[in-house]
2 protein chains.
Amino acid sequence: MQPDQRSESPAESLSEGRLGDVSFLAKALADENRLRLLLALRDGQQSVSQLVESMGLSQPLVSHHLRELKRTLLVEVERRGAFIFYRLSRPEVLDLLRALDGLAGMLLAARKNF
Amino acid sequence: MQPDQRSESPAESLSEGRLGDVSFLAKALADENRLRLLLALRDGQQSVSQLVESMGLSQPLVSHHLRELKRTLLVEVERRGAFIFYRLSRPEVLDLLRALDGLAGMLLAARKNF
DNA sequence: TCAGCATATAAACATATATTTATATTTAGT
DNA sequence: ACTAAATATAAATATATGTTTATATGCTGA
């Protein structure tokens with residue numbers, strides 16, 4: 001028996017039980033600004049001020065979305081001096097974004113727009 | 001060069017460009033009732049009345065969510081007589097649900113709750 | 001301890017989304 | 001053509017969510 005190539009094994013395949021968690025997670029990914037934040041953390045941690053700078057959003061708004069991402073466990077926080085750094089909690093977060101992007105592209109390929 | 005094992009190849013890897021589409025798709029998956037509907041269509045098409053029956057939701061609510069799923073291209077519709085049948089537009093939709101479920105489980109495994 | 005920067009939090013507001021209730025549309029059968 | 005069933009649509013309502021504005025908290029260096 002060959003080992004599972006994927007980094008993650010589905011255990012039991014998708015029951016009604018955890019749909020609450022799934023929708024909770026999907027909600028966190030349902031905002032474009034939050035997606036941009038996750039993408040900005042692709043190559044490593046960033047301080048809030050760096051994120052504010054690169055995203056062109058107000059500081060409170062960035063903080064608010066980061067808190068949401070933390071609540072969903074998608075990011076982790078570490079204080080270093082006066083700065084606070086955020087990073088993706090797991091690399092698999094990006095895999096999921098790619099999967100979403102892939103499906104969106106696939107669906108749009110058939111029709112032209114959503 | 002070996003063929004790609006996955007059913008879908010990421011083409012270019014996740015740019016800022018399509019985040020609008022991605023968030024649009026994620027929004028559709030961010031409601032528990034819609035997730036339950038998609039799951040109910042796992043094994044093939046179902047009429048609206050069947051879905052109303054099995055989900056225990058009001059008929060207008062089911063219709064409303066189905067329309068939303070159709071708008072997102074996640075389901076397709078076919079009228080047959082007085083009945084209207086909905087089905088998943090692509091099997092990959094289920095793959096994505098599994099991926100979401102997998103990540104949710106992974107994140108929760110580290111901490112206890114969201 | 002004070003001043004200034006970095007970040008968070010709270011309040012106020014606007015907008016979007018889910019749900020219910022009521023009604024319209026479409027189809028099949030008679 | 002009428003009726004009943006299946007589904008969709010619209011209006012009304014409630015709730016949630018994103019954004020802005022204002023203020024508070026925490027850290028650092030003088």
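Predicted model, so just to flag it, every value in this text is computed and none were measured. In what follows, chains carry the letters A, B, and so on, assigned in the order in which the sequence lines appear, proteins first and then strands, with residues in each chain numbered from 1.
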Student: Hey, which sits more toward the 5' end of DNA chain C by its nearest nucleotide, Arg67(A) or Leu61(B)?
Tutor: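 Its nucleotide being nearer the 5' end, the pick is Arg67(A).
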Student: Without decimals, in angstroms, what is the distance between Leu51(B) CG and dT7(D) C1'?
Tutor: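 So the CG-C1' distance, Leu51(B) to dT7(D), works out to 12 Å.
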Student: Grab the CZ-C1' distance between Arg34(A) and dT17(D) for me, whole Å please.
Tutor: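 In whole Å, dT17(D) C1' and Arg34(A) CZ are 8 Å from each other.
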Student: Give the rounded distance in Å between these two atoms: CG of Asn33(A) and P of dT20(D).
Tutor: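 Value for this atom pair: 9 Å.
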Student: Other residues, nucleotides and ligands only: do more than 12 of their heavy atoms fall within 6.0 Å of CD on Glu16(B)?
Tutor: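 More than 12 heavy atoms, drawn from other residues, nucleotides or ligands, come within 6.0 Å of this atom.
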Student: Taking N and O atoms by type only, does the side chain of Gln59(B) place a donor or acceptor under 3.5 Å from a partner on the base of dA8(D)?
Tutor: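 By the distance-only test, yes, there is a pair.
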Student: Give a yes/no answer on whether the side chain of Tyr86(A) brings an N or O atom under 4.0 Å of OP1 or OP2 in dA8(C).
Tutor: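 So the side-chain polar atoms of Tyr86(A) do come within 4.0 Å of the phosphate oxygens OP1 or OP2 of dA8(C), strictly under.
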Student: What's the NE2-P distance between His65(A) and dA8(C), to the nearest Å?
Tutor: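 Checked: the NE2 to P distance equals 13 Å.
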Student: Do Asp31(A) and Ser23(B) come within less than 4.5 Å of each other through their side chains, counting heavy atoms only?
Tutor: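 Not in contact.
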Student: Separation of Ile84(A) atom CD1 from dT9(C) atom C1', in whole Å?
Tutor: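 So the CD1-C1' distance, Ile84(A) to dT9(C), works out to 12 Å.
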Student: Compare every heavy atom of Arg42(B) with every heavy atom of Leu88(B), then report the nearest pair and how far apart it is.
Tutor: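 Nearest heavy atoms, Leu88(B) then Arg42(B): CD1-CA, 4.4 Å.
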Student: Measuring only between side-chain heavy atoms, which start at C-beta, is Leu66(A) closer than 4.5 Å to Val62(A)?
Tutor: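 When only atoms from C-beta onward are counted, Val62(A) and Leu66(A) do touch, with a gap below 4.5 Å.
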Student: For dT7(C) and His64(A) - does any side-chain N or O of the residue sit under 4.0 Å from the phosphate oxygens OP1/OP2?
Tutor: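 For His64(A), the contact criterion (side-chain N or O under 4.0 Å from OP1 or OP2 of dT7(C)) is not met.
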Student: By nearest atom, which of the nucleotides dA22(D), dA6(D), dT28(D) is closest to the Ala82(A) side chain?
Tutor: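 So the side chain of Ala82(A) is nearest to dT28(D).
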Student: Which nucleotide in the list dT19(D), dA6(D), dT19(C) gets nearest to the side chain of Asp31(B)?
Tutor: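 For Asp31(B), the side-chain atoms sit closest to dT19(C).
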Student: Would you kindly give the CZ-to-C1' distance between Arg79(A) and dG26(D), to the nearest whole Å?
Tutor: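 So the two atoms are 5 Å apart, to the nearest Å.
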Student: Taking atom types as modelled, find out whether Thr72(A) and Glu68(A) have a side-chain donor-acceptor pair closer than 3.5 angstrom.
Tutor: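 No - no donor-acceptor pair under 3.5 Å links their side chains.
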Student: With nearest nucleotide decided by heavy atoms, which residue, Arg80(A) or Glu68(A), maps closer to the 5′ end of DNA chain D?
Tutor: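 Whichever sits nearer the 5' end wins; that is Glu68(A).
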Student: At under 4.0 Å, does any side-chain N or O of Ser49(B) touch on OP1 or OP2 of dA5(D)?
Tutor: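 So the side chain of Ser49(B) is outside the cut-off, no N or O lying under 4.0 Å from OP1 or OP2 of dA5(D).
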Student: Measure the distance from CD on Gln46(A) to P on dA6(C) and round it to the nearest whole Å.
Tutor: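 Rounded to whole Å, this separation is 15 Å.
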Student: Nearest-Å distance, CG (Leu35(B)) to P (dA18(C))?
Tutor: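 Rounded to whole Å, this separation is 11 Å.
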